[in-house]
Amino acid sequence: MSDEEKKPRNPGTVTRGGLGALSGLLAACAALAVAELVAAAVRPQAGPVVAVGGAAIDRTPIAVKDWAIRNFGTNDKLILQLGILAVLALFALALGVLALRHRRAGAAGVLLFGAVGAAAATSRPDSTSVTDALPSVLGAIVGAGLLYVLVGRLPAPPRDVPEGPGDGWDRRGFVIAATAAAASSAGAGVLGRVLRGSSGQEAVASRKNIDLPPPDSRAPAIPRNAQLRVAGVSPFLTPNSDFYRVDTALVVPKVDATAWRLRVHGEGVTREKTLTFEDLLRRELIERDITLTCVSNEVGGPYVGNARWIGVRLADLLEECGVRPPSAGGPADQLVARSVDGMTIGSPVEDVMDGRDAMLVVGMNGRPLPFDHGFPVRMLVPGLYGYVSACKWIEDIELTTFDAYDSYWVKRDWAREAPIKTQSRIDTPKPFARPKAGTVMVAGVAWAQHRGIDRVEVRVDDGPWQEATLAAEDSRDTWRQWSYAWQATKGGHTLTVRATDRTGETQTEKRTRTVPDGASGWHSVVVTVE
Ligand SMILES: Nc1nc2c(c(=O)[nH]1)N[C@H]1C(S)=C(S)[C@@H](COP(=O)(O)O)O[C@H]1N2
Ligand SMILES: [Mo]
């Protein structure tokens, strides 16, 4: 055996590159795990992935956002975070390879990523403390240090290694360090997740302790035949667990109701108010059935739901604060609601005070608001899309003008004012269903909140419009079910629906995109009758 063969071999360039890349990846994992752990202690939203994700959401061009919602639906947030991790992994691999030649530069690269995460975390609208930088900073320091150590165990670049002694490398040391790093990263990551899962205990407890008083003004009983007995039609009241969720929050805010405050202030407010949750519960409570719709809902889409809400009348509260609507000479035409996570939602003061049941909501279908839907308090204005009316996790109401202030979505090209467009949806049969020839029940929902639905018609292929049977109306703020007994003949057919609201206006055939003020057009479903 020659001397040559006894020494540990200098690994080939390819292997060496691979080990460098692996070191980069391990460093990134360690950095993220530490960041996750620190974030659990500091603030769940301060973690680098959530912070960078939030910053990305705020900067996403409307076309990309639209595309993401269309393709991923409510999974868009998960996809975004996976995307961020994928990009991070690519950079980590590159930094690992870079570190083989320039150890300091590689480590500095990791620190640079930490700086980006820290900048994102501290510049989020809900960030109130520089401690939000800690997860990224500490994570990056650990990651940079680890990369430095790991690469130090690898051999020097081949060209720097003369033949003979010195071309060996600390294989054992590398394997031990790498394994230890991987194991402790996994441990820290899991611990961070567990801690994060148990964060917000006060908020959870405050929600459990809420005993919603019976409303002073009950919602009128829902007519028994508001709910059709047709399989496949959406239930008249959407259970909380099935209610659609649309918001920009990567981590759902957990607000402690006992510490919650709502401030009402701004132009024309002669008596500023700051209310506690208890203050709200002591006021007159109303209960109303209201259908909420998202402006991002495509024709036939799922972002619409109907619930029984409990809350206080917003107009009464505003009047106590001295607010007058523009029609009564008030100076403010826009009400801007702000949430704890920095969302701003602007509604017309005129609509809020015109007698409709605009509310500060505390209860949803008999329960305190779920965290996902804005606990402890959200706003709701019948007839307006969610992005101009339904601020969740609300903490501030400012009276101002549309000229003076553009809210979050308006800055992103959505319309300033957006009443809900008259729409109808076929719930059954489903697209591409294969019903048997004979009587097929076609059914669904139609909505034109605050105007009411007066007629729904169904068309088979290019045939004449046929009147559908309307279920009883609950209120003009809720959707209305409809059905049509179709005598189906064999073959492929297209079913189309359209609704007419109480102003006499029939839903337009003209297809528009969701941007800027909601999709229009008719919903159709293609089926094959067997
Ligand atoms: N704080 C906050 N409130 C928000 C939003 C948001 O992103 N953040 N999204 C709005 C939009 S676009 C809609 S459609 C409704 C959806 O309410 P839901 O998630 O309870 O269905 O909330 C509104 N309120
Ligand atoms: Mo929305």
Side-chain angles (χ1 to χ4, degrees), residues 45 53-54 56-58 60 62 65-66 68-70 73-74 76-77 80 124-126 234 237-255 260 262 290-298 301-309 311 335-347 358-365 367-397 407-421 423 447 449 479 513-519:
Q45 285 89 339
I57 288 175
D58 288 356
T60 305
I62 212 158
K65 187 182 225 94
D66 239 33
I69 290 185
R70 244 197 328 280
T74 20
D76 56 346
K77 293 189 181 98
L80 171 69
R124 299 303 300 140
D126 54 344
S234 310
L237 282 177
T238 314
N240 289 355
S241 53
D242 294 345
F243 207 94
Y244 82 91
R245 175 186 161 206
V246 170
D247 55 58
T248 58
L250 285 174
V251 173
V252 174
K254 291 252 173 82
V255 180
W260 177 86
L262 173 69
I290 298 167
T291 298
L292 179 61
T293 311
C294 180
V295 72
S296 294
N297 195 43
E298 304 278 346
Y303 302 143
V304 53
N306 183 42
R308 175 158 281 203
W309 313 89
L335 181 157
V336 175
R338 274 193 189 76
S339 71
V340 300
D341 63 334
M343 173 55 60
T344 55
I345 286 185
S347 320
M359 18 189 338
L360 288 171
V361 171
V362 295
M364 182 176 184
N365 289 327
R367 314 272 314 139
L369 270 179
F371 287 106
D372 281 358
H373 297 290
F375 181 84
V377 181
R378 78 175 305 167
M379 226 177 95
L380 214 55
V381 184
L384 306 184
Y385 284 118
Y387 86 104
V388 288
S389 68
C391 188
K392 307 195 273 189
W393 315 293
I394 192 173
E395 65 170 3
D396 187 281
I397 288 179
S407 56
Y408 183 93
W409 296 106
V410 175
K411 288 193 186 96
R412 288 161 181 79
D413 293 343
W414 295 85
R416 280 181 173 174
E417 300 197 26
I420 295 170
K421 294 181 179 174
Q423 267 297 337
W447 59 88
Q449 291 93 313
W479 60 14
R513 305 194 310 146
T514 56
V515 185
D517 62 355

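When a ligand or atom number is given, it counts from 1 through the structure's own listing order.
How far CG of Leu369 is from CE of Met364: 7.0 Å, rounded to the nearest 0.5 Å. To the nearest 0.5 Å, the span separating CG on Asn240 from CG on Asn365 amounts to 4.5 Å. Between atom CG of residue Asp413 and atom CD1 of residue Ile62 there is a gap of 5.0 Å, rounded to the nearest 0.5 Å. Taking CZ from Arg338 and OG from Ser407, the interatomic distance works out to 10.0 Å, rounded to the nearest 0.5 Å.
Annotation for ligand 1: atoms under 4.0 Å from non-hydrogen atoms of Ser339 are 1 (N). Listed by atom number, the atoms of ligand 1 under 4.0 Å from Leu292 heavy atoms are 17 (O). Taking every non-hydrogen atom of Phe243 and a distance limit under 4.0 Å, the qualifying atoms of ligand 1 come out as 21 (O). For ligand 1 and Arg378, the ligand atoms under 4.0 Å from any heavy atom of the residue are 15 (C), 16 (C), 17 (O), 18 (P), 20 (O), 22 (O). Per-residue contacts place Asp341 under 4.0 angstrom from the following atoms of ligand 1 (heavy atoms of the residue considered): 1 (N). Close approach to Cys294 involves these atoms of ligand 1, each under 4.0 Å from a residue heavy atom: 14 (S).
Contact detail for Ala337 and Met379: the closest heavy-atom pair is CB-SD, 4.0 Å.
Annotation: atom 19 (O) of ligand 1 to nearest protein heavy atom, Lys392 NZ, 2.5 Å. Shortest contact from atom 6 (C) of ligand 1 to any protein heavy atom: Asp247 CB, 3.4 Å. Protein heavy atom nearest atom 8 (N) of ligand 1, with residue, atom name and distance: Met343 CG, 3.4 Å. Counting only heavy atoms of the protein, atom 16 (C) of ligand 1 lies nearest to Val246 O, 3.6 Å. For atom 24 (N) of ligand 1, the closest non-hydrogen atom on the protein side is Ala390 O, 3.0 Å.
Atom CZ of Arg245 has more than 12 neighbouring heavy atoms from other residues, nucleotides or ligands inside a 6.0 Å radius.
Compare Tyr303, Tyr385, Tyr244 by their heavy atoms: the one nearest to atom 14 (S) of ligand 1 is in Tyr244.
Between Tyr387 and ligand 1, no pair of N/O atoms sits closer than 3.5 Å. Polar contact with ligand 1: absent for Asp372 (N/O pair, distance under 3.5 Å). In terms of polar-atom proximity, defined here as any N/O pair under 3.5 Å, Thr293 makes no such contact with ligand 1. Taking any N or O of His373, backbone or side chain, at least one lies under 3.5 Å from an N or O belonging to ligand 1.
For the pair Ile345 and ligand 1, a heavy-atom separation below 4.0 Å is found.
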Which atom pairs, donor and acceptor, lie under 3.5 Å between side-chain atoms of residues 385-393 and protein residues at least two apart or in another chain?
{"residue": "Tyr385", "atom": "OH", "partner": "Lys421", "partner atom": "N", "Å": "3.1"}
{"residue": "Tyr387", "atom": "OH", "partner": "Ala415", "partner atom": "N", "Å": "3.4"}
{"residue": "Tyr387", "atom": "OH", "partner": "Ala415", "partner atom": "O", "Å": "2.7"}
{"residue": "Ser389", "atom": "OG", "partner": "Leu384", "partner atom": "O", "Å": "3.3"}
{"residue": "Ser389", "atom": "OG", "partner": "Tyr385", "partner atom": "O", "Å": "2.9"}
{"residue": "Lys392", "atom": "NZ", "partner": "Asp247", "partner atom": "OD2", "Å": "2.9"}
{"residue": "Lys392", "atom": "NZ", "partner": "Asp372", "partner atom": "O", "Å": "3.0"}
{"residue": "Trp393", "atom": "NE1", "partner": "Phe371", "partner atom": "O", "Å": "2.8"}

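Residues Gln449 and Thr293 bring a donor and an acceptor atom of their side chains to less than 3.5 Å of each other. Tyr244 and Asn297 form no side-chain donor-acceptor contact under 3.5 Å, judged by distance and modelled atom types alone.
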Original post:
Arg124 and Asp341: salt bridge (Lys or Arg N to Asp or Glu O under 4.0 Å), yes or no, with the steps?
Top reply: CA-CA 8 Å; Arg124 299 303 300 140; Asp341 63 334; over 6 Å; no
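Ring pair Phe243/Trp309: centre-to-centre distance below 6.0 Å.
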